[in-house]
Amino acid sequence: MSTYRDTGIVLRTQKLGEADRIITLLTRRHGRIRAVAKGVRRTSSRIGARLEPFAHVDVQCYSGRSLDIAQQIETIDAFGGKLSRDYARWTAGQAMLEAAERFTENEHDPALAQFQLLLGGLRVLAETERDPVMVLDAFLVRSLSIAGYAPSFSDCAGCGATGPHRFFTIPGGGASCADCRPPACAAPGAETLSLLGALLSGDWESAETSAPRARREASGLVAAYLQWHLERGLRSLRHVERDLPAPTQSA
């Protein structure tokens with residue numbers, strides 16, 4: 001068996017047999033991997049607590065036929081302990097872990113940009129006072145961008161006409177001019193699209209001046225756009241404290 005070492009973030013765990021666990025990690029160099037951690041459910045195990053969701057770890061693995069074997073685990077950051085003290089941050093973080101797994105469909109395919117985005121997002125959640133829902137929405141729109149589904153929040157996604165425009169079409173890729181808009185598309189407020197553009201670009205100075213209504217409407221559009229491209233929503237989103245109005249429709 002070949003051996004490799006990497007750093008990764010634990011996305012989820014599941015029981016295997018009486019004492020083992022299967023650990024799903026998003027790693028810096030090897031993308032998403034699944035590895036068996038032997039004996040970690042025993043009370044005598046010294047590494048079981050290091051392999052919980054949100055843990056940023058340094059791990060050595062042996063390549064196996066179907067699952068790798070994880071050994072020599074060292075904690076780099078234990079985000080879970082910090083997030084567990086705040087329900088809103090914990091649930092936003094859970095949605096980020098689930099999304100990261102969904103966006104890295106093929107095991108062992110390099111996913112450095114997604115790894116860096118997840119690591120940065122968890123650090124912001126755990127170590128700053130930023131609105132956790134806005135942090136989650138920023139993570140989701142940037143994940144969509146990395147995956148090749150970047151929505152347009154200003155220029156028309158159909159013809160490229162310079163924006164801003166007042167319409168938004170989820171199947172069409174974002175902002176839409178009056179000539180390109182399909183029937184019954186959304187008509188969000190101008191501040192909402194401006195906020196989404198700021199979250200995509202990382203302009204937190206502008207994002208943090210947004211009104212609560214714009215934040216709620218932006219979250220609704222992000223959730224709908226994500227569900228369209230992933231073909232089903234994230235289960236974790238139902239637990240996130242989001243007050244989502246129905247998007248304004250235009251006939």
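Model, not experiment: these values are computed from the prediction.
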With a 3.5 Å cut-off and no angle check, do the side chains of [X] and [Y] form a donor-acceptor pair?
X      : Y      : answer
Arg32  : Gln114 : no
Arg215 : Ser210 : yes
Thr192 : Glu217 : yes

Using side-chain heavy atoms (C-beta onward) and a distance below 4.5 Å, is [X] in contact with [Y]?
X      : Y      : value
His239 : Gln94  : no
Val135 : Asp131 : no
Val57  : Glu74  : no
Phe168 : Leu193 : yes
Leu144 : Phe103 : yes
His165 : Ser176 : no
Cys159 : Asp179 : no
Ile73  : Asp58  : no

Inset, instruction - Take Leu97 and Arg12 through the test side-chain contact (heavy atoms from CB on, under 4.5 Å) and record every step on the way to the result. - result: CA-CA 8 Å; Leu97 296 185; Arg12 64 186 176 98; over 6 Å; no
Measure the [atom1]-[atom2] distance between [X] and [Y] for me, rounded to the nearest 0.5 Å.
X      : Y      : atom1 : atom2 : answer
His30  : Thr7   : NE2   : OG1   : 10.5 Å
Leu234 : Leu140 : CG    : CG    : 6.5 Å
His56  : Asp77  : NE2   : CG    : 6.5 Å
Arg130 : Glu208 : CZ    : CD    : 5.0 Å
Ile9   : Leu25  : CD1   : CG    : 9.0 Å
Thr13  : Ile22  : OG1   : CD1   : 10.0 Å

Inset, instruction - Given side-chain hydrogen bond (donor to acceptor under 3.5 Å, both in side chains), test Ser219 with Asp137 step by step and report yes or no. - result: CA-CA 6 Å; Ser219 288; Asp137 288 338; 2.5 Å; yes
Quick check: closest heavy atoms across [X] and [Y], and the distance to 0.1 Å?
X      : Y      : value
Cys177 : Cys156 : N-SG, 3.4 Å
Leu26  : Phe115 : O-CD1, 3.3 Å
Gly172 : Thr169 : N-OG1, 3.1 Å
Glu191 : Thr209 : OE2-O, 4.3 Å
Tyr225 : Gly174 : CE1-N, 4.3 Å
Leu237 : Ala95  : CD2-CB, 4.1 Å

Inset, instruction - Assert yes or no for the condition that the ring centre distance of Trp90 to Phe54 is strictly below 6.0 Å. - result: yes
Legend entry - Cation-aromatic face contact Arg181/Phe167, 6.0 Å, 45 degrees: yes
Inset, instruction - Would you please classify the geometry between the Tyr4 ring and the His108 ring as parallel, tilted or perpendicular, with 30° and 60° separating the classes? - result: perpendicular
Inset, instruction - In sequence, state the C-alpha distance, the side-chain angles, and the governing distance for Val141 and Val222, and then conclude on side-chain contact (heavy atoms from CB on, under 4.5 Å). - result: CA-CA 7 Å; Val141 296; Val222 170; 3.7 Å; yes
Inset, instruction - Mind running side-chain contact (heavy atoms from CB on, under 4.5 Å) on Tyr87 and Thr91 for me, showing each step along the way? - result: CA-CA 6 Å; Tyr87 179 79; Thr91 54; 3.4 Å; yes
Do the side chains of [X] and [Y] get close enough for a salt bridge, i.e. N-O under 4.0 angstrom?
X     : Y     : value
Asp6  : Arg29 : yes
Arg21 : Glu52 : yes
Arg34 : Asp68 : no

Legend entry - Within one Ile-Leu-Val-Met-Phe-Trp-Tyr cluster: Leu118 and Ile76, side-chain cutoff 4.5 Å: no
Inset, instruction - Spell out, yes or no, whether Leu230 and Val240 are grouped together once hydrophobic residues are joined by side-chain heavy atoms under 4.5 Å, including indirect joins. - result: yes
Is a side-chain donor or acceptor of [X] paired with a backbone partner of [Y] at a separation under 3.5 angstrom?
X      : Y      : answer
Glu98  : Ser236 : yes
Ser143 : Phe139 : yes
Arg89  : Asp86  : no

Inset, instruction - Determine, step by step, whether Val59 and Gln72 satisfy the side-chain contact (heavy atoms from CB on, under 4.5 Å) criterion, reporting the C-alpha distance in whole Å, the side-chain angles of both residues, the deciding distance to 0.1 Å, and the verdict. - result: CA-CA 6 Å; Val59 59; Gln72 297 184 20; over 6 Å; no
Can you give the donor-acceptor pairs under 3.5 Å from side chains of residues 195-204 to other protein atoms, not counting sequence neighbours?
| unit_1 | atom_1 | unit_2 | atom_2 | d |
| --- | --- | --- | --- | --- |
| Ser201 | OG | Gly197 | O | 3.1 |
| Ser201 | OG | Ala198 | O | 3.3 |
| Asp203 | OD1 | Ser206 | N | 3.2 |
| Asp203 | OD1 | Ser206 | OG | 3.4 |
| Asp203 | OD2 | Ser206 | OG | 2.7 |

